[in-house]
Amino acid sequence: MASSSSARLLLASLLFSSLCFCFCLASSQASVPKVSLQLYYETLCPYCSRFMVNHLSKIFEDGLISIVDLDLIPYGNARVNSNDSITCQHGPNECLLNTIEACAISVWPDVSEHFKFIYCVELLVVDHKYESWETCFEETGIDSTAVLKCYESGEGNKLELQYAAKTDALQPPHTYVPWVVVDGQPLYEVSAQSIKFF
Ligand SMILES: *[C@@H]1O[C@H](CO)[C@@H](O)[C@H](O)[C@H]1NC(C)=O
């Protein structure tokens, strides 16, 4: 799952959806729902962090975010144990960062707010410096209190259990991460149409 091909598919799919958006707008004048884009990922997976930093971040630069409902689900290939603790694919540090990012999303529901912080953390992951993730509070000018409280109080673990349920309910189930779902369809299914379309 090379991230560059994922990105091409994402872009093709977004362009396809944008064209539809314009067409629908021109033909009906009705308000058109945004394109929903869900990213199922885990914080320490190299393909995920590169995808987020190198490709997904572009939708904030080129304005596509104004027609996209972006939903980040930081859980990925983790699993829930019988005692409700969570085991993560890349170990306890990944569980920590998944939970911190879940807390960031909860504390700052506005995607342009929480993406700033999450982008900062994932950039450190790309650069193999994620141990200094706490510098991202300073870097983004965001107060750390609410996020750390969410993590330390166990609220973050509850959020992760909700993300676990959401990830495990995917139809079709995800088979790898990053797993991108556009308007309810995994990108690998949308991609066939988009490629033919172009
Ligand atoms: C919960 O289960 C996991 C996996 O079986 C185990 O490693 C962990 O120690 C358990 N935690 C508690 C608090 O019992």
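Counting starts at 1 for both ligands and their atoms, following the listed order.
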Under 4.5 Å between any side-chain heavy atoms of E101 and Y41, yes or no?
yes

With respect to N83, determine whether any N or O atom, backbone or side chain, lies less than 3.5 Å from an N or O atom of ligand 1.
yes

Check whether S57 reaches the backbone of V53 with its side chain - one donor and one acceptor, N or O, closer than 3.5 Å.
yes

Distance under 4.0 Å to a non-hydrogen atom of S85: what atoms of ligand 1 satisfy this?
1 (C), 2 (O), 3 (C)

Taking the basic N atoms (NZ, or NE/NH1/NH2) and the acidic carboxylate oxygens, is any pair closer than 4.0 Å for K116 and E113?
yes

Nearest protein heavy atom under 4.0 Å from atom 2 (O) of ligand 1, yes or no:
yes

Once side chain to side chain donor-acceptor pair (under 3.5 Å) is applied, what residue pairs with a partner in residues 127-136 remain, sequence neighbours excluded?
N93-Y130

Do you see a protein non-hydrogen atom under 4.0 Å from atom 7 (O) of ligand 1?
no

